[in-house]
K.L.:
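Provided herewith is a single structure, encoded as C-alpha cells, for subsequent inquiry.
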Amino acid sequence: MSELLKISLPDGSVREMPEGSTPYDVAAAIGPGLAKAAIAARVDGELRDINRPFEGDAELALVTARDEAEALELARHDFAHVLAEAVQALWPGTQITFGPSTDDGFYYDVMAPASREPFGMDDLPAIEEKMREIIKADKPLRREVWSRQQLIDKWAADGETFKAEWAQELPEGEELTVYWSGDDWLDMCRGPHLASTGKLDPQAFKLMRTAGAYWRGDQKNAQLTRIYGTGWLNKKQLNAHLERLEEAGKRDHRKLGQEMDLFHLQQEAHGSVFWHPKGYIIWRELEAYMRRAIDNAGYREVKTPQVMDAKQWEQSGHWGKYRENMFVIPDEVPNTEDEGPLVSEAADWMALKPMNCPAHVLIFKQGLKSYRDLPMRLYENGCCHRNEPHGALHGLMRVRQFTQDDAHIFCREDQLVDEVRNFCQLADRIYKEFGFTYSIKLALRPEMRFGSDEMWDIAENELRDAVAAAGLNTEEYGWEELPGEGAFYAPKLEWHLTDAIGRTWQVGTIQSDRVLPERLDATYIAEDGERHRPVMLHRAIFGSYERFIGILIEHFAGKMPLWLAPVQAVVATIVSDADGYAKEVAEKLKAAGIRVETDLRNEKINYKVREHSHAKVPHLLVVGMREAEEGTVAIRTLGEKQQQFLPLDEAIAMLKANATAPDLAS
RNA sequence: GCCGGCUUAGCUCAGUUGGUAGAGCACCUGAUUUGUAAUCAGGGGGCCACGGGUUCGAAUCCUGUAGCCGGCACCA
C-alpha cells in the first residue's frame, strides 16, 4: 500500500498526493485553470518539468507564464532544442553539440554534414519553417534518465562525435538525463523543459543570423556553425524586441559619429581614428575632466616615449608574451643600395608601446626613492598601439591606436589595500557623474603568466579584500570572478559598461603587479635602510578615450550632456534684419565660454529648427526683429517642445550654469 | 586570425535573365525675407572597393585581395 506524499504549497497549505504524482497532478487537483496555465514547477526550490513525478514530500510552487523570467528561460531552451531537431530533420548527418538560452533568445552550435557548406543566412527561412512544423506537431518533451555508457553508445552510433566526446567526460555517478521530442528525436540535457513543443508560440521566435563558433570555445578545435535566434512567449513580445533592436541601431556610435561629424575611420588606417573637430571637443573636455580628477587624487602627470628599443620590451616581458600584438619597427635605415636583409635579433628592433607601464617604471627608477615617496602615482594620457586581430576591431570600442587614462601607483605592501579601495571610490564617483551603472569583475591568473602561485594568491586576495572593503562585491555591481582572464603579470579588477545593444565593454581596471617591479628591478629604500620592492598598481577609469567616447555616444544616443556637446548652442535668425543682433548674441555667448555657432542662412526657421535638431544641438537660440528690439532670445532646447523667452543676460547665465562639468558644479 | 554576409554619388539606397548607371537627401547657382522639424527652380557629381578571369559585351558570372557588419577566438 503506497503512502501519500505531502506537498506543501506557497500559501502554506499541504496537499496529499499519491506516490508517482506530478506537479501537473497537483495543479489539476487545484483547478482546471491552473492545470492549463502551469508550465513548470519549482520543487524544493529547483525548477523542474511539470510532468516529472515527485520523489518524496516536497515544497511546490507552480510556474506559469506570469513568472516571466522562468517562462522565457524555459521557452528559449525549448526553442534551441526545436532548432537542433529542425536542422537534423532538414539535413540528416548534421551533428549537434550545445544550445543554451541567451539574454534575448537562444542558439545552437551545429556541424553541417561534410557534403555541404556551413549553414548560412539563406538556410534560415527553411529552418524556421521546419521549427514551426515541429512546434505545431505538439511533440511531448519527455525526460528520461540514462547511464553515461548509454549516452556514449548512442552518440557514437549516430556519428555524433562531439556529443560522444562530451559524454565521455561526464561524471560517473551523476544522474544523466535526455529529453525526447516525441519518440523520434532526443538530446542530452539537464532540463527542465516545457511539457511539449506545442507550448511554444510558433510566431514568437525568429532566427537572426549564423556565426562561426569554436567547439568548446577553443580556437584549436573545429569551427561549428552557431545559429542564433531570438525567442519570446508571444508575437507581441517578439515584435517589441525587434523594435528595440531597431532603436538600438540608431544609437550606434559608428552611425552617430558619422551623422554628427565626430570622427571617421578609413581603410588606409584601419583601427585608428580620425577625430574631426567636433569629436575632438568631447575628447578635450574628457581630458580636462580627468586631469582635474587625478590632480585632486594625488597623481602627477607624465609623458613617455612612443617607441622603445626591443631590449626594453624583452626585459619587461612584453617581447616574450605580447609580441604578436606589438607593432615592431626596424631600428635602422634600410640600405637602399643593396637592400640587405634586416637582422632579426631583438637588439635591432624597436617597438611602439602597447602599454605605458614599463616607461612609468623607468621614471620611478630615476634617482633613489625613499619609502617617504610612496605611494607614488604617475598618470599619463598614454597613446598605445596594439596590433589586434582584425576580426576584433569595432568602431571606437576596439581599435589599434588608443589613448589610455593610465596611471601606475608604486606603493608599499601595507598601502596597497587602501590604494585599491580609494581607486574603487574614485572610479565609482566618476562613472556616476556620467550617469553610468557598471558591473565589476575580478579576472584571475591566466595560464600564460609570470610569478609564483604564492604571489598570485596574495595578489588575488588583496584585490578581493579591497573590493569587499569598498562594498562592491555584490550582485548589484554584477560581482563575478573570471578564472584565467587576468593579465600575464597580474590579476585584474575590471569595470564594465554596456553599449546600445547590451554588449559589455571593459573600461576601468586596477591590477596589482609584483612581476614588473621585479623584472625591471624597481626598488625603494625602506625605514630599515634596505632596498625593497614596491608593488605596482596599474589602473585606468575611462580605459581608453576612444572606447569611453563610444560608450558615451551610445548611452546618450548622441544627445551629449551640455558640458560635452561639441556645439552647445546655435543662434538662428528668422530674417536677415536680425543678423547683426544674432552676431552680437553669439559674441556674448562665446565670451561666456559657450561653444556657439550662428545660422544666418536665408532659410525658413522651420528648416533651421529641423536641421539643428537632427544635429542634436542642445540649445537653439532663435532671434528675429522682436528679440533684437527687446534684447531677448527664444530658446528651444533639444527634446522639449516649449520654448523659453529670456533676456539675453539671463539666457547666458542659464547656459553657462548648465554647461558646467559635473565635478565643477556646486 | 576563423565562419557567414556585405562593399554602387558626400549620405541612405534602387539597379530584372550579363547589353554600357538611377532616386531622395546633401552640394553649387538663381529666385524667395520666411516666427519653431523639409520654399521653389535649375545644375554639377560615379575606376559600381581593388586585382585577375569568362564573354562580342561584366556593377551583374567565376576567382584572389582589402575593408566593413554579426558572431567566435583574442582584448581597453
Side-chain angles (χ1 to χ4, degrees), chain A residues 107 109 111-112 117-124 208-228 249 252 254-255 258-259 261 264-271 322 324-325 354-355 382 384 386-400 402-406 443 446 485 487 492 494-497 501 503 505-509 538 540-548 550-551 572-579 601-614 620 622-627 634-636 638 640-643:
Chain A
Y107 66 78
D109 287 348
M111 174 63 99
E117 287 128 41
F119 302 109
M121 287 293 281
D122 296 345
D123 299 312
L124 298 186
M208 303 298 279
R209 63 186 97 89
T210 61
Y214 299 104
W215 167 237
R216 309 185 83 163
D218 192 329
Q219 203 166 5
K220 292 193 280 289
N221 292 337
Q223 190 160 39
L224 311 165
T225 305
R226 179 168 296 178
I227 302 174
Y228 279 96
D252 191 312
R254 293 164 299 189
K255 185 177 158 72
Q258 183 191 66
E259 282 172 13
D261 194 19
H264 85 270
L265 296 158
Q266 68 179 60
Q267 187 163 333
E268 289 73 11
H270 76 280
Y322 205 72
E324 280 186 355
N325 288 296
M355 299 179 191
C384 296
R386 294 183 191 170
N387 198 352
E388 302 284 2
H390 289 192
L393 301 178
H394 182 92
L396 293 180
M397 304 300 201
R398 189 82 181 270
V399 287
R400 301 206 297 177
F402 56 99
T403 300
Q404 298 177 310
D405 61 314
D406 198 9
E485 307 257 311
K492 307 193 289 184
E494 301 179 348
W495 280 255
H496 292 253
L497 299 180
I501 60 171
R503 288 177 294 212
W505 297 91
Q506 183 192 323
V507 287
T509 183
H538 307 242
I541 293 175
F542 292 159
S544 76
Y545 283 83
E546 286 81 357
R547 180 175 288 182
F548 199 74
I551 291 177
T573 50
I574 292 166
V575 286
S576 56
D577 291 355
D579 284 3
R601 291 174 303 170
N602 180 13
E603 295 289 352
K604 284 189 168 177
I605 192 62
N606 296 25
Y607 181 83
K608 295 185 183 182
V609 166
R610 179 183 155 85
E611 205 170 69
H612 298 300
S613 299
H614 281 163
L620 187 61
V622 178
V623 297
M625 281 319 288
R626 201 156 71 213
E627 287 75 15
I635 303 184
R636 187 189 166 104
L638 190 61
E640 289 172 25
K641 293 222 170 89
Q642 279 309 90
Q643 46 180 344

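Each chain gets a letter, A, B and so on, in the order the sequences are listed, and its residues count up from 1.
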K.L.:
Spell out, as yes or no, whether a donor-acceptor pair under 3.5 Å connects the side chain of A:D109 to the backbone of A:L224.
P.N.:
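Answer holds: no.
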K.L.:
Classify A:A572 by what it touches in the nucleic acid, base, sugar-phosphate, or nothing, heavy-atom distance under 4.0 Å.
P.N.:
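Answer is nothing: A:A572 stays at 4.0 Å or more from every strand.
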K.L.:
Determine the interatomic distance between P on B:G24 and the same-named atom on B:C62; round to the nearest Å.
P.N.:
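Rounded to whole Å, the distance is 32 Å.
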K.L.:
Starting at CD of A:E611 and ending at C1' of B:C25, how long is that distance when rounded to a whole Å?
P.N.:
11 Å
K.L.:
Hunt down the Watson-Crick or G-U wobble partner of B:G24, both distances under 3.5 Å, from any strand shown, or write none.
P.N.:
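With both distances under 3.5 Å, B:G24 matches B:C11.
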K.L.:
Can you list everything that forms a side-chain hydrogen bond (donor to acceptor under 3.5 Å, both in side chains) with A:K608? Sequence neighbours excluded, please.
P.N.:
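Only A:T573 meet the side-chain hydrogen bond (donor to acceptor under 3.5 Å, both in side chains) criterion with A:K608.
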K.L.:
Using atom NZ of A:K255 as one end and atom C1' of B:U12 as the other, report the distance to the nearest whole Å.
P.N.:
8 Å
K.L.:
Return the NE2 to CE distance between A:H538 and A:M355, rounded to the nearest 0.5 Å.
P.N.:
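So the NE2 of A:H538 and the CE of A:M355 are separated by 8.5 Å.
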K.L.:
What is the distance from CD of A:Q643 to C1' of B:G35, rounded to the nearest Å?
P.N.:
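Taking CD of A:Q643 and C1' of B:G35, I get 8 Å after rounding.
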K.L.:
Under the side-chain hydrogen bond (donor to acceptor under 3.5 Å, both in side chains) test, which residues partner A:T509, sequence neighbours left out?
P.N.:
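With sequence neighbours excluded, A:T509 shows a side-chain hydrogen bond (donor to acceptor under 3.5 Å, both in side chains) to A:Q511, given in chain and number order.
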K.L.:
Please report the distance separating the C1' of B:G53 from the corresponding atom of B:U16, rounded so that it comes out in whole Å.
P.N.:
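So the two C1' atoms sit 25 Å from each other.
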K.L.:
State whether the number of non-hydrogen atoms from other residues, nucleotides or ligands found under 6.0 Å of A:Q642 atom CD is greater than 12.
P.N.:
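No, because the 6.0 Å sphere around CD of A:Q642 holds 12 heavy atoms or fewer from other groups.
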K.L.:
If we call it a pair only when both distances are under 3.5 Å in a Watson-Crick or G-U wobble match, what pairs with B:U39?
P.N.:
B:A31
K.L.:
Quantified in whole Å, what is the C1' atom distance between nucleotide B:U65 and nucleotide B:A73?
P.N.:
23 Å
K.L.:
Heavy atoms under 4.0 Å, any strand shown: does A:M625 hit a base, just sugar-phosphate, or nothing?
P.N.:
base
K.L.:
In whole Å, measure the gap between the P atoms of B:C28 and B:U36 for me.
P.N.:
26 Å
K.L.:
Which residues satisfy the side-chain hydrogen bond (donor to acceptor under 3.5 Å, both in side chains) test with A:R216, sequence neighbours excluded?
P.N.:
A:E165, A:E169
K.L.:
Got a second to check how far A:I574's CD1 is from A:R626's CZ, nearest 0.5 Å?
P.N.:
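It comes to 7.0 Å.
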K.L.:
For the residue pair A:G624 and A:E627, what are the closest heavy atoms and their distance?
P.N.:
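What the structure gives for the nearest pair is N-OE1, 2.8 Å.
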K.L.:
Please give the nucleotide sitting opposite B:G67 as a Watson-Crick or G-U wobble pair, both distances under 3.5 Å, or none.
P.N.:
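Its partner is B:C6.
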K.L.:
Go ahead and name the base partner of B:A73; Watson-Crick or wobble counts if both distances stay under 3.5 Å, otherwise write none.
P.N.:
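B:A73 is unpaired by these criteria.
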K.L.:
If pairing requires Watson-Crick or G-U wobble contacts with both distances under 3.5 Å, which nucleotide is the partner of B:U60?
P.N.:
none
K.L.:
Can you measure A:K608 atom NZ to B:U33 atom C1' for me and round it to whole angstrom units?
P.N.:
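Rounded to whole Å, this separation is 10 Å.
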K.L.:
Is there a side-chain contact between A:E259 and A:H614, using heavy atoms and a 4.5 Å cut-off?
P.N.:
no
K.L.:
Just to confirm, is there a sub-4.0 Å distance from OP1 or OP2 of B:A26 to any side-chain nitrogen or oxygen of A:Y607?
P.N.:
yes
K.L.:
Base, sugar-phosphate, or nothing: which does A:I574 touch, judged by heavy atoms less than 4.0 Å apart?
P.N.:
base
K.L.:
What integer distance in Å separates A:H614:NE2 from B:U36:P?
P.N.:
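So the NE2-P distance, A:H614 to B:U36, works out to 17 Å.
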K.L.:
To the nearest 0.5 Å, what is the distance between CD on A:E485 and NZ on A:K492?
P.N.:
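If we round to the nearest 0.5 Å, A:E485:CD and A:K492:NZ are 8.0 Å apart.
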K.L.:
Pick the C1' atom in B:C69 and in B:C56, then give their distance to the nearest Å.
P.N.:
38 Å
K.L.:
Identify the heavy atoms of A:I551 and A:W505 that sit nearest to each other, and give their distance.
P.N.:
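For A:I551 and A:W505, the tightest heavy-atom pair comes out as CD1-CB, 3.9 Å.
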K.L.:
Both A:D577 and A:G120 contact RNA chain B. Taking the nearest nucleotide for each, which residue is further toward the 5' end?
P.N.:
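The residue whose closest nucleotide sits nearer the 5' end is A:G120.
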K.L.:
When you measure from the side chain of A:E546 to the backbone of A:T403, do you find a donor-acceptor pair of N or O atoms at a distance under 3.5 Å?
P.N.:
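Confirmed, A:E546 side chain pairs with A:T403 backbone.
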K.L.:
Keeping A:D252 on the side-chain end and A:G249 on the backbone end, is there a donor-acceptor pair under 3.5 Å?
P.N.:
no
K.L.:
Extract from the structure each pairing of a protein N or O with an N or O of nucleotides 29-32 of chain B at less than 3.5 Å, listing the distance.
P.N.:
| unit_1 | atom_1 | unit_2 | atom_2 | d |
| --- | --- | --- | --- | --- |
| B:U32 | N3 | A:N602 | ND2 | 2.9 |
| B:U32 | O4 | A:N602 | ND2 | 2.1 |

K.L.:
Could you write out each protein N or O paired with an N or O of nucleotides 8-11 of chain B at a distance under 3.5 Å?
P.N.:
| unit_1 | atom_1 | unit_2 | atom_2 | d |
| --- | --- | --- | --- | --- |
| B:C11 | O3' | A:Q258 | OE1 | 3.2 |

K.L.:
At under 4.0 Å between heavy atoms, what does A:E640 touch on the DNA or RNA strands: base, sugar-phosphate, or nothing?
P.N.:
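No contact at all - A:E640 keeps every heavy atom at 4.0 Å or more from the nucleic acid.
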K.L.:
Using a 4.0 Å cut-off on protein heavy atoms (strictly under), produce a 5'-to-3' string for nucleotides 66-76 of chain B with B for base contact, S for backbone-only sugar-phosphate contact, and - for none.
P.N.:
SSSSBBBBBBB
K.L.:
Mind checking the C1' distance from B:G4 to B:U17? Whole angstroms is fine.
P.N.:
27 Å
K.L.:
I want to confirm an ordering. Mapping A:N606 and A:M121 to their closest nucleotides on RNA chain B, which one lands closer to the 5' end?
P.N.:
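Nearer the 5' end of the strand: A:M121.
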K.L.:
I need the minimum non-hydrogen distance between A:N221 and A:Y214, along with the two atoms involved.
P.N.:
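Heavy-atom minimum between the residues: O-CD2, 3.7 Å.
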K.L.:
For the P atoms, the ones on B:A58 and on B:G52, what distance do you get once it is rounded to whole angstrom?
P.N.:
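Result for the P pair: 13 Å, nearest Å.
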K.L.:
Determine the interatomic distance between C1' on B:C61 and the same-named atom on B:A23; round to the nearest Å.
P.N.:
27 Å
K.L.:
Using whole Å, what does the distance between atom C1' of nucleotide B:U36 and atom CZ of A:R626 come to?
P.N.:
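The distance from CZ of A:R626 to C1' of B:U36 comes to 11 Å, rounded to the nearest Å.
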K.L.:
If pairing requires Watson-Crick or G-U wobble contacts with both distances under 3.5 Å, which nucleotide is the partner of B:C48?
P.N.:
none
